[in-house]
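Notes for the one structure printed next.
In what follows, chains carry the letters A, B, and so on, assigned in the order in which the sequence lines appear, proteins first and then strands, with residues in each chain numbered from 1.
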Protein chains: 2
Amino acid sequence: MSFSRKTKTVKLILDLFENTSNALSVVELTDTFSKKMNKTTVYRILDRLEEAGELHSFTDKDGLKRYAKNFSKLKGLNEQANHPHFMCQDCGISSCLPIEVSAPSIPNYTINNSEHLYIGHCNECNN
Amino acid sequence: MSFSRKTKTVKLILDLFENTSNALSVVELTDTFSKKMNKTTVYRILDRLEEAGELHSFTDKDGLKRYAKNFSKLKGLNEQANHPHFMCQDCGISSCLPIEVSAPSIPNYTINNSEHLYIGHCNECNN
DNA sequence: ATTTTATTGCAACTGATTTGCATTAAGAAA
DNA sequence: TTTCTTAATGCAAATCAGTTGCAATAAAAT
Ligand SMILES: [Mn+2]
Ligand SMILES: [Mn+2]
Ligand SMILES: [Zn+2]
Ligand SMILES: [Zn+2]
(Lines give C-alpha, C1' and ligand atoms only; values in the text may rest on other atoms or scores of the structure.)
(Ligands and ions follow the chains in the order given, each with its own letter.)
Protein backbone atom coordinates (compact mmCIF):
# COMPACT_ATOMS: atom_id res chain seq x y z
CA MET A 1 0.00 0.00 0.00
CA SER A 2 1.38 3.38 -0.83
CA PHE A 3 0.11 5.19 2.24
CA SER A 4 0.48 3.45 5.51
CA ARG A 5 0.58 5.93 8.34
CA LYS A 6 -2.45 7.91 9.42
CA THR A 7 -0.61 11.02 10.47
CA LYS A 8 -2.42 14.09 11.75
CA THR A 9 -1.81 15.88 8.47
CA VAL A 10 -3.25 13.00 6.48
CA LYS A 11 -6.31 13.00 8.73
CA LEU A 12 -6.84 16.72 8.19
CA ILE A 13 -6.83 16.35 4.43
CA LEU A 14 -8.95 13.24 4.50
CA ASP A 15 -11.48 15.02 6.71
CA LEU A 16 -11.66 17.94 4.33
CA PHE A 17 -12.44 15.68 1.41
CA GLU A 18 -15.08 13.91 3.48
CA ASN A 19 -16.88 17.21 3.78
CA THR A 20 -16.73 18.39 0.20
CA SER A 21 -17.33 16.75 -3.11
CA ASN A 22 -15.62 19.55 -4.97
CA ALA A 23 -12.37 19.19 -6.81
CA LEU A 24 -9.65 21.16 -5.05
CA SER A 25 -6.32 22.38 -6.31
CA VAL A 26 -3.15 22.08 -4.29
CA VAL A 27 -3.10 25.85 -4.14
CA GLU A 28 -6.46 25.92 -2.37
CA LEU A 29 -5.37 23.21 0.02
CA THR A 30 -2.03 24.74 0.94
CA ASP A 31 -3.90 27.94 1.60
CA THR A 32 -6.48 26.23 3.80
CA PHE A 33 -3.79 24.40 5.75
CA SER A 34 -1.05 27.01 5.66
CA LYS A 35 -0.86 26.98 9.45
CA LYS A 36 -1.18 23.24 9.79
CA MET A 37 1.27 21.77 7.34
CA ASN A 38 3.92 22.53 4.74
CA LYS A 39 2.94 22.82 1.09
CA THR A 40 5.34 20.04 0.16
CA THR A 41 3.47 17.83 2.58
CA VAL A 42 0.19 18.66 0.88
CA TYR A 43 1.63 17.67 -2.48
CA ARG A 44 2.95 14.41 -1.10
CA ILE A 45 -0.18 13.44 0.77
CA LEU A 46 -2.37 14.05 -2.26
CA ASP A 47 -0.01 11.93 -4.31
CA ARG A 48 -0.31 9.06 -1.89
CA LEU A 49 -4.06 9.34 -1.47
CA GLU A 50 -4.45 9.16 -5.22
CA GLU A 51 -2.14 6.16 -5.40
CA ALA A 52 -4.19 4.50 -2.72
CA GLY A 53 -7.41 5.14 -4.62
CA GLU A 54 -8.92 7.51 -2.06
CA LEU A 55 -8.74 10.46 -4.42
CA HIS A 56 -8.60 11.00 -8.15
CA SER A 57 -7.34 13.97 -10.11
CA PHE A 58 -7.48 15.85 -13.37
CA THR A 59 -5.83 18.88 -14.90
CA ASP A 60 -8.05 21.92 -15.16
CA LYS A 61 -8.16 24.58 -17.87
CA ASP A 62 -5.48 26.62 -16.09
CA GLY A 63 -3.14 23.66 -16.00
CA LEU A 64 -3.66 23.15 -12.27
CA LYS A 65 -4.04 19.67 -10.92
CA ARG A 66 -7.28 19.18 -9.03
CA TYR A 67 -8.19 16.40 -6.63
CA ALA A 68 -11.56 15.06 -5.54
CA LYS A 69 -12.68 12.07 -3.53
CA ASN A 70 -12.99 8.89 -5.47
CA PHE A 71 -16.11 9.15 -7.52
CA SER A 72 -17.42 5.72 -6.63
CA LYS A 73 -17.62 6.89 -3.04
CA LEU A 74 -19.27 10.08 -4.18
CA LYS A 75 -22.17 8.73 -6.14
CA GLY A 76 -22.14 4.98 -5.98
CA LEU A 77 -21.31 5.06 -9.64
CA ASN A 78 -19.23 2.39 -11.28
CA GLU A 79 -15.67 3.18 -10.31
CA GLN A 80 -14.42 2.32 -13.76
CA ALA A 81 -16.90 4.64 -15.44
CA ASN A 82 -15.32 7.76 -16.80
CA HIS A 83 -16.95 10.99 -15.72
CA PRO A 84 -16.51 14.61 -16.80
CA HIS A 85 -15.52 17.60 -14.70
CA PHE A 86 -17.06 20.99 -14.43
CA MET A 87 -15.58 24.37 -13.60
CA CYS A 88 -17.57 27.52 -12.95
CA GLN A 89 -16.09 30.54 -14.65
CA ASP A 90 -17.74 32.82 -12.09
CA CYS A 91 -17.02 31.38 -8.65
CA GLY A 92 -14.25 29.02 -9.68
CA ILE A 93 -15.64 25.93 -8.01
CA SER A 94 -14.89 22.70 -9.74
CA SER A 95 -16.69 19.40 -9.41
CA CYS A 96 -17.16 15.92 -10.75
CA LEU A 97 -20.29 15.41 -12.81
CA PRO A 98 -22.37 12.27 -12.11
CA ILE A 99 -22.58 11.37 -15.76
CA GLU A 100 -20.91 8.69 -17.79
CA VAL A 101 -18.95 9.77 -20.80
CA SER A 102 -17.42 7.59 -23.45
CA ALA A 103 -14.59 8.00 -25.88
CA PRO A 104 -15.12 7.56 -29.62
CA SER A 105 -13.29 4.85 -31.45
CA ILE A 106 -10.74 6.05 -33.96
CA PRO A 107 -9.42 3.70 -36.63
CA ASN A 108 -5.85 2.57 -35.87
CA TYR A 109 -5.83 4.44 -32.57
CA THR A 110 -6.13 3.06 -29.08
CA ILE A 111 -7.77 5.27 -26.50
CA ASN A 112 -6.94 4.36 -22.93
CA ASN A 113 -8.06 7.39 -21.08
CA SER A 114 -10.23 10.42 -21.69
CA GLU A 115 -10.64 13.73 -19.97
CA HIS A 116 -13.75 15.84 -20.33
CA LEU A 117 -13.88 19.32 -18.93
CA TYR A 118 -16.87 21.62 -19.12
CA ILE A 119 -16.67 25.29 -18.37
CA GLY A 120 -19.65 27.47 -17.61
CA HIS A 121 -21.86 28.68 -14.79
CA CYS A 122 -22.79 26.54 -11.82
CA ASN A 123 -26.27 26.38 -10.32
CA GLU A 124 -25.30 28.86 -7.60
CA CYS A 125 -23.96 31.45 -10.01
CA ASN A 126 -26.63 30.87 -12.61
CA ASN A 127 -29.72 32.30 -11.03
CA MET B 1 -6.06 42.99 -36.41
CA SER B 2 -3.94 41.70 -33.58
CA PHE B 3 -0.98 40.71 -35.68
CA SER B 4 0.11 43.14 -38.29
CA ARG B 5 3.74 42.66 -39.15
CA LYS B 6 5.01 39.61 -41.00
CA THR B 7 8.39 39.45 -39.34
CA LYS B 8 10.88 36.72 -40.10
CA THR B 9 10.13 35.04 -36.80
CA VAL B 10 6.40 35.05 -37.49
CA LYS B 11 7.05 33.51 -40.90
CA LEU B 12 9.15 30.75 -39.39
CA ILE B 13 6.42 29.76 -36.98
CA LEU B 14 3.68 30.06 -39.57
CA ASP B 15 5.70 27.87 -41.93
CA LEU B 16 6.11 25.22 -39.30
CA PHE B 17 2.39 25.05 -38.69
CA GLU B 18 1.78 24.86 -42.42
CA ASN B 19 3.80 21.69 -42.46
CA THR B 20 2.31 19.92 -39.49
CA SER B 21 -1.17 19.38 -38.24
CA ASN B 22 0.04 18.36 -34.82
CA ALA B 23 -0.53 20.35 -31.68
CA LEU B 24 2.75 21.75 -30.43
CA SER B 25 3.68 23.03 -27.01
CA VAL B 26 5.68 26.20 -26.52
CA VAL B 27 8.43 24.05 -25.09
CA GLU B 28 8.74 22.12 -28.35
CA LEU B 29 8.70 25.32 -30.38
CA THR B 30 11.29 27.15 -28.30
CA ASP B 31 13.45 24.09 -28.66
CA THR B 32 13.00 23.93 -32.42
CA PHE B 33 13.75 27.62 -32.80
CA SER B 34 16.26 28.04 -30.00
CA LYS B 35 18.81 29.42 -32.46
CA LYS B 36 16.32 31.53 -34.37
CA MET B 37 14.35 33.42 -31.73
CA ASN B 38 13.86 34.05 -28.05
CA LYS B 39 11.36 31.99 -26.07
CA THR B 40 9.48 35.14 -25.09
CA THR B 41 9.04 35.85 -28.77
CA VAL B 42 7.60 32.40 -29.32
CA TYR B 43 5.06 32.95 -26.54
CA ARG B 44 4.08 36.31 -27.94
CA ILE B 45 3.78 35.18 -31.54
CA LEU B 46 1.60 32.23 -30.58
CA ASP B 47 -0.58 34.56 -28.57
CA ARG B 48 -1.08 36.83 -31.52
CA LEU B 49 -1.64 34.04 -34.02
CA GLU B 50 -4.35 32.65 -31.78
CA GLU B 51 -5.93 36.07 -31.40
CA ALA B 52 -5.89 36.40 -35.17
CA GLY B 53 -7.57 33.04 -35.60
CA GLU B 54 -4.65 31.36 -37.33
CA LEU B 55 -4.09 28.96 -34.45
CA HIS B 56 -6.12 27.54 -31.61
CA SER B 57 -4.98 26.06 -28.33
CA PHE B 58 -5.83 23.76 -25.46
CA THR B 59 -4.26 22.60 -22.21
CA ASP B 60 -2.90 19.08 -22.29
CA LYS B 61 -2.81 16.47 -19.54
CA ASP B 62 0.51 17.80 -18.25
CA GLY B 63 -0.88 21.30 -17.98
CA LEU B 64 1.05 22.50 -21.01
CA LYS B 65 -0.60 24.80 -23.51
CA ARG B 66 -0.59 23.35 -27.02
CA TYR B 67 -1.23 25.13 -30.29
CA ALA B 68 -2.38 23.81 -33.64
CA LYS B 69 -3.46 25.43 -36.84
CA ASN B 70 -7.05 26.46 -36.97
CA PHE B 71 -9.08 23.33 -37.42
CA SER B 72 -11.28 24.74 -40.16
CA LYS B 73 -8.16 25.06 -42.29
CA LEU B 74 -7.14 21.57 -41.32
CA LYS B 75 -10.20 19.62 -42.29
CA GLY B 76 -12.73 21.95 -43.78
CA LEU B 77 -14.81 21.27 -40.73
CA ASN B 78 -17.19 23.86 -39.35
CA GLU B 79 -14.99 26.30 -37.49
CA GLN B 80 -17.50 26.58 -34.67
CA ALA B 81 -17.66 22.81 -34.15
CA ASN B 82 -15.91 21.64 -31.04
CA HIS B 83 -13.38 18.90 -31.61
CA PRO B 84 -11.39 16.67 -29.26
CA HIS B 85 -7.64 16.34 -28.94
CA PHE B 86 -5.48 13.28 -28.79
CA MET B 87 -2.15 12.61 -27.17
CA CYS B 88 -0.03 9.51 -27.66
CA GLN B 89 1.40 8.18 -24.43
CA ASP B 90 4.23 6.54 -26.34
CA CYS B 91 5.67 9.10 -28.72
CA GLY B 92 4.04 12.16 -27.17
CA ILE B 93 2.58 13.57 -30.36
CA SER B 94 -0.64 15.45 -29.96
CA SER B 95 -3.24 16.21 -32.58
CA CYS B 96 -6.70 17.48 -33.29
CA LEU B 97 -9.27 14.81 -34.05
CA PRO B 98 -11.62 15.43 -37.00
CA ILE B 99 -14.69 14.56 -34.97
CA GLU B 100 -17.45 16.69 -33.56
CA VAL B 101 -18.08 16.43 -29.84
CA SER B 102 -20.87 17.96 -27.86
CA ALA B 103 -21.40 18.76 -24.20
CA PRO B 104 -24.29 17.26 -22.25
CA SER B 105 -26.90 19.52 -20.75
CA ILE B 106 -26.94 19.63 -16.96
CA PRO B 107 -30.01 20.94 -15.12
CA ASN B 108 -29.37 24.41 -13.67
CA TYR B 109 -25.92 24.56 -15.23
CA THR B 110 -24.77 26.50 -18.25
CA ILE B 111 -21.96 25.01 -20.29
CA ASN B 112 -20.13 27.48 -22.47
CA ASN B 113 -17.06 25.57 -23.39
CA SER B 114 -15.87 22.00 -23.35
CA GLU B 115 -12.50 20.33 -23.66
CA HIS B 116 -12.08 16.72 -24.65
CA LEU B 117 -8.75 15.02 -24.39
CA TYR B 118 -8.04 11.41 -25.31
CA ILE B 119 -4.90 9.61 -24.31
CA GLY B 120 -3.66 6.41 -25.88
CA HIS B 121 -1.57 5.07 -28.73
CA CYS B 122 -1.39 6.71 -32.12
CA ASN B 123 -1.46 4.81 -35.41
CA GLU B 124 2.33 4.99 -35.66
CA CYS B 125 2.96 3.56 -32.21
CA ASN B 126 0.13 1.08 -32.39
CA ASN B 127 1.38 -1.44 -34.90
C1' DA C 1 14.89 58.24 -46.91
C1' DT C 2 12.43 59.24 -42.67
C1' DT C 3 9.25 58.32 -39.25
C1' DT C 4 6.25 55.60 -36.46
C1' DT C 5 5.46 52.02 -33.48
C1' DA C 6 4.86 46.90 -33.54
C1' DT C 7 7.97 43.42 -32.47
C1' DT C 8 11.92 41.45 -30.46
C1' DG C 9 15.73 40.16 -27.05
C1' DC C 10 17.19 39.90 -22.64
C1' DA C 11 17.12 39.65 -17.87
C1' DA C 12 14.52 39.43 -13.99
C1' DC C 13 10.37 37.73 -11.97
C1' DT C 14 6.25 34.83 -10.73
C1' DG C 15 3.76 30.74 -9.39
C1' DA C 16 3.24 25.82 -9.35
C1' DT C 17 5.60 21.73 -8.48
C1' DT C 18 9.80 18.92 -7.26
C1' DT C 19 13.96 17.44 -4.82
C1' DG C 20 17.50 16.59 -1.19
C1' DC C 21 18.30 16.06 3.29
C1' DA C 22 18.10 16.30 8.13
C1' DT C 23 14.44 15.77 11.74
C1' DT C 24 10.18 13.88 13.58
C1' DA C 25 6.82 10.69 14.81
C1' DA C 26 3.63 6.55 13.45
C1' DG C 27 3.24 2.06 14.74
C1' DA C 28 5.66 -2.56 14.98
C1' DA C 29 8.57 -5.14 17.93
C1' DA C 30 10.55 -6.07 22.23
C1' DT D 1 5.62 0.98 27.94
C1' DT D 2 9.91 1.70 26.04
C1' DT D 3 12.70 0.94 21.93
C1' DC D 4 13.39 0.63 17.14
C1' DT D 5 12.55 1.16 12.27
C1' DT D 6 11.51 3.93 8.65
C1' DA D 7 7.49 6.43 6.61
C1' DA D 8 6.32 11.06 6.72
C1' DT D 9 7.35 15.86 7.40
C1' DG D 10 9.50 20.63 7.20
C1' DC D 11 12.45 23.60 5.14
C1' DA D 12 15.29 25.56 1.76
C1' DA D 13 16.78 25.35 -2.75
C1' DA D 14 15.93 24.04 -7.38
C1' DT D 15 13.15 23.44 -11.57
C1' DC D 16 10.00 24.63 -15.15
C1' DA D 17 6.37 27.02 -17.67
C1' DG D 18 4.95 31.32 -18.39
C1' DT D 19 5.07 36.68 -17.71
C1' DT D 20 6.78 41.48 -17.45
C1' DG D 21 9.53 45.82 -18.08
C1' DC D 22 12.31 48.11 -20.92
C1' DA D 23 15.60 49.41 -24.22
C1' DA D 24 16.93 48.17 -29.04
C1' DT D 25 15.36 46.76 -33.62
C1' DA D 26 12.97 46.54 -37.86
C1' DA D 27 8.41 46.30 -40.47
C1' DA D 28 5.86 49.17 -43.27
C1' DA D 29 3.55 53.60 -43.84
C1' DT D 30 4.50 58.33 -45.30
MN1 LIG E 1 -13.84 13.51 -10.83
MN1 LIG F 1 -7.57 21.30 -32.06
ZN1 LIG G 1 -20.23 29.23 -9.68
ZN1 LIG H 1 2.60 7.69 -30.90
> Looking at the side chain of A:T7, which of C:dT17, D:dT9, C:dT7 is the nearest nucleotide?
Replying inline: D:dT9
> Which nucleotide in the set D:dA7, D:dT9, C:dG9 lies at the smallest distance from any side-chain heavy atom of B:T9?
Replying inline: C:dG9
>> Using the side-chain heavy atoms of A:Y43, tell me which of these nucleotides is nearest: C:dA16, D:dG10, D:dT19.
In response: C:dA16
> In a check of side-chain contact (heavy atoms from CB on, under 4.5 Å) between B:L14 and each of B:L55, B:L49, B:T9, B:I45, which one passes?
Replying inline: B:L49
> More 5' along DNA chain D: A:K39 or B:V27, using each one's nearest nucleotide?
Replying inline: A:K39
>> Main chain of A:L24, side chain of A:N22: is a donor-acceptor contact present, judged purely on distance under 3.5 Å?
In response: no
>> Using the rule given for salt bridge (Lys or Arg N to Asp or Glu O under 4.0 Å), can you reason through A:R66 versus A:E28, listing the C-alpha separation, both sets of side-chain angles and the distance that settles it, and then say yes or no?
In response: CA-CA 10 Å; A:R66 290 185 168 271; A:E28 292 166 320; 3.2 Å; yes
> Can A:N126 and B:T110 be counted as having a side-chain donor-acceptor contact under 3.5 angstrom?
Replying inline: yes
> Between A:T41 and D:dG10, does any side-chain N or O lie under 4.0 Å from OP1 or OP2?
Replying inline: yes
>> Strictly distance-based, threshold 3.5 Å: is any side-chain N or O of B:T30 a donor or acceptor partner for the main-chain N or O of B:V27?
In response: yes
>> Quiz question: by atom type and distance under 3.5 Å, do the side chains of B:N70 and B:H56 form a donor-acceptor pair?
In response: no
> Could you give the NZ-to-C1' distance, from A:K61 to D:dA17, as a whole number of Å?
Replying inline: 17 Å
> If you fit an axis to the five pairs at each end of the helix from C:dA1-D:dT30 to C:dA30-D:dT1, how big is the angle between those two axes, to 10 degrees?
Replying inline: 30°
>> Counting only heavy atoms and a strict 4.0 angstrom limit, can you tell me which residues of residues 29-37 of chain A come near DNA chain C?
In response: none
> To the nearest Å, how far apart are B:E51 CD and C:dA6 C1'?
Replying inline: 15 Å
> After noting the C-alpha distance and the side-chain angles of A:E54 and A:K69, does the key distance pass the salt bridge (Lys or Arg N to Asp or Glu O under 4.0 Å) rule?
Replying inline: CA-CA 6 Å; A:E54 294 288 319; A:K69 76 179 78 174; over 6 Å; no
> Any N or O donor-acceptor pair linking the side chain of A:R5 to the base of D:dT6 at under 3.5 Å?
Replying inline: yes
> For the side chain of B:R48, counting heavy atoms from C-beta on, which of C:dA26, C:dT8, C:dT17 is nearest?
Replying inline: C:dT8
> Do any N or O atoms from the side chain of B:E115 and from the backbone of B:T59 form a donor-acceptor pair under 3.5 angstrom?
Replying inline: no
> A:I45 CD1 to C:dA26 P: how many Å, rounded?
Replying inline: 12 Å
>> Under a 3.5 Å threshold, yes or no: a donor from one side chain and an acceptor from the other, between A:S114 and A:N82?
In response: yes
>> Which nucleotide wins on minimum distance to the side chain of A:T40, given the candidates C:dG9, C:dT7, D:dC11?
In response: D:dC11
> On a plain distance test, is the side chain of B:R44 in donor-acceptor contact with the base of C:dG9 below 3.5 Å?
Replying inline: yes
